[in-house]
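In this chain, numbering begins with 1 at the start of the sequence shown. Keep in mind that what you see is a predicted model, and the values were worked out from it rather than measured.
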Amino acid sequence: MEMIRSATTGHDATRQRPEVRAAGVGAATAAAGWCVTVLLVVLAGLAVPRATASFGDVLGSGSLLWLVLGGGRLHVGEGVLALTPLLGTLLLVLLVRWGARRGLPDESDPRVQGAWVGGYALFGLVAALLGLLSPAAPGWASLPVPLVVVPVLGLLLAHGLPEPVAERWASAPLALRRGLRPGAKGAATLVGMGSLLVVVATAIHLGRVGHIQSELEAGFFGSLLLVLLQLLLLPNLGIWALSFAAGPGVATAGGAMTTWSGAEAGLLPMVPVLAAQPQPGDLPWVTRLLVLLPVVVGVLVARWALLEVPRLAPTQAKLAAVATAVLVAAVGVAVLDGLGGGSIGAVRLSDLGAPALPLMLVLLLELGLGALAVLARDWWVLRR
């Protein structure tokens, strides 16, 4: 934070060109998040017994972790690490939003905003090069996400849409403008509901989770950092739990699936919270009742969408707004699942978690059922 303040309040700031100053603030914003991440890696290295990592390894690993938090991918040996902690991504975007608000005027020129994003991306490229000091390597094709998409999102949250984009949005289809916000709330509710399932399962199987945690022998402070990492992964695990509740199921190592009918045996990564999933074998029939949860969210999405439509609007207008909201919610969950990823290595660990496309299609059906019930009731009440 102090780096961002110094970049914006320096003695010579007023004599600099606005684009140069904005680029410096953008770089300082990126550096703030990078420093926090590297510090956590340093503390983790100090906490792990018998750790022998060099300074270059720590610096490179911290740089790569910062990229992963922004949605980047890593190459580790013959495998790919594609598992972005979504809560960490949210925190990173909020930090970027703060930096954009602090470092850019409210009515900044598009060139100044572009320079700010450019400064952020330039520092990110330096961080990616530092990542080569570690045993892993950045996935260069994925770098536009942490280096461009993340700062642009933060900039939009801080200053809103640019005027030309806002004018285009004002002329977008009315159903899209009415359904976007309720659909986004629906996607967030679905992820939150899945995260709650993870918390409940962890509480029920706390003994198994604690046993795996102790087997890692990370020490007191290392265990705290491991708990922090699992908290950052909670939305990812929530999407996996949502996929289990909705029907497509969750993939573990080697293609083993956990669905309503039962859990197949498979190798699990040494992540303690994963011990809370059902043990191999058949599951009780009551498990299928979890499918009602997405249906209930569909009811909420439809109600939120109808609040955006005049009460006496034609049924077609209401149907269009509700259908758009349902589509946005289902696609939003699939996009988050794609960003979160599900690979932590090669072969058996290369495809973990929820299948994004089947999950999206099933959610469209289940959310649609709940939304259709609300539309039918609204039509019946107005008809009487």
Least distance between heavy atoms, [X] atom then [Y] atom:
{"X": "Pro151", "Y": "Val117", "result": "CG-CG1, 4.2 Å"}
{"X": "Ala241", "Y": "Val198", "result": "CB-CG2, 3.8 Å"}
{"X": "Leu147", "Y": "Gly124", "result": "CD2-CA, 3.3 Å"}
{"X": "Trp140", "Y": "Ala128", "result": "CZ3-CB, 3.9 Å"}
{"X": "Ala22", "Y": "Leu104", "result": "CB-CD2, 3.8 Å"}
{"X": "Val25", "Y": "Gly99", "result": "CG1-O, 4.1 Å"}

| task | Check the pair Leu306, Val374 against side-chain contact (heavy atoms from CB on, under 4.5 Å), reporting the backbone distance first and the verdict last. | result | CA-CA 9 Å; Leu306 289 179; Val374 173; 3.8 Å; yes
Pairwise side-chain contact, [X] with [Y], heavy-atom cut-off 4.5 Å (strictly under):
{"X": "Leu130", "Y": "Leu133", "value": "yes"}
{"X": "Val301", "Y": "Val322", "value": "no"}
{"X": "Pro235", "Y": "Leu336", "value": "no"}
{"X": "Leu197", "Y": "Leu293", "value": "yes"}
{"X": "Val191", "Y": "Leu86", "value": "no"}
{"X": "Val328", "Y": "Arg181", "value": "no"}
{"X": "Val145", "Y": "Leu339", "value": "yes"}
{"X": "Leu233", "Y": "Leu83", "value": "yes"}

Would the distance check show the side chain of [X] and the main-chain N or O of [Y] forming a donor-acceptor pair, the cut-off being under 3.5 Å?
{"X": "His205", "Y": "Ala275", "answer": "no"}
{"X": "Gln113", "Y": "Leu155", "answer": "no"}
{"X": "Ser243", "Y": "Gly249", "answer": "yes"}
{"X": "Thr287", "Y": "Pro284", "answer": "yes"}
{"X": "Lys318", "Y": "Leu312", "answer": "no"}
{"X": "Arg177", "Y": "Ala172", "answer": "yes"}

From [atom1] ([X]) to [atom2] ([Y]), nearest 0.5 Å:
{"X": "Leu359", "Y": "Leu364", "atom1": "CG", "atom2": "CG", "value": "9.5 Å"}
{"X": "Leu289", "Y": "Trp260", "atom1": "CG", "atom2": "CH2", "value": "9.5 Å"}
{"X": "Leu69", "Y": "Leu91", "atom1": "CG", "atom2": "CG", "value": "9.0 Å"}
{"X": "Ser195", "Y": "Asn236", "atom1": "OG", "atom2": "CG", "value": "9.0 Å"}
{"X": "Leu180", "Y": "Thr324", "atom1": "CG", "atom2": "OG1", "value": "9.5 Å"}
{"X": "Leu174", "Y": "Glu308", "atom1": "CG", "atom2": "CD", "value": "10.0 Å"}

Are [X] and [Y] connected, step by step, through hydrophobic side chains (Ile, Leu, Val, Met, Phe, Trp, Tyr) whose heavy atoms are closer than 4.5 Å?
{"X": "Leu92", "Y": "Leu229", "answer": "yes"}
{"X": "Val362", "Y": "Leu300", "answer": "no"}
{"X": "Val291", "Y": "Phe244", "answer": "no"}
{"X": "Val152", "Y": "Val93", "answer": "yes"}
{"X": "Met193", "Y": "Val200", "answer": "no"}

| message | Is the ring pair Phe123/Trp66 parallel, tilted or perpendicular, if the boundaries are 30 and 60 degrees? | response |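 The arrangement is perpendicular - the two ring planes meet at more than 60°.
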| said: Run Thr189 and Trp304 through side-chain contact (heavy atoms from CB on, under 4.5 Å) and show every step you take. | reply: CA-CA 12 Å; Thr189 303; Trp304 292 332; 3.5 Å; yes
| task | Could you please spell out the steps behind the side-chain contact (heavy atoms from CB on, under 4.5 Å) verdict for Trp240 and Leu352? | result | CA-CA 9 Å; Trp240 296 7; Leu352 305 176; 4.2 Å; yes
| query | In a check of side-chain contact (heavy atoms from CB on, under 4.5 Å) between Arg73 and each of Thr84, Val68, Leu81, which one passes? | reply |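 Considering Thr84, Val68, Leu81, a side-chain contact (heavy atoms from CB on, under 4.5 Å) with Arg73 is found only for Thr84.
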| request: Decide side-chain contact (heavy atoms from CB on, under 4.5 Å) for Val250 and Met257; before the verdict, give the C-alpha distance in whole Å, the side-chain angles of both, and the deciding distance to 0.1 Å. | output: CA-CA 6 Å; Val250 181; Met257 294 292 296; 5.8 Å; no
| query | Considering residues, nucleotides and ligands other than Arg288, do more than 12 of their heavy atoms fall under 6.0 Å from its CZ? | reply | yes
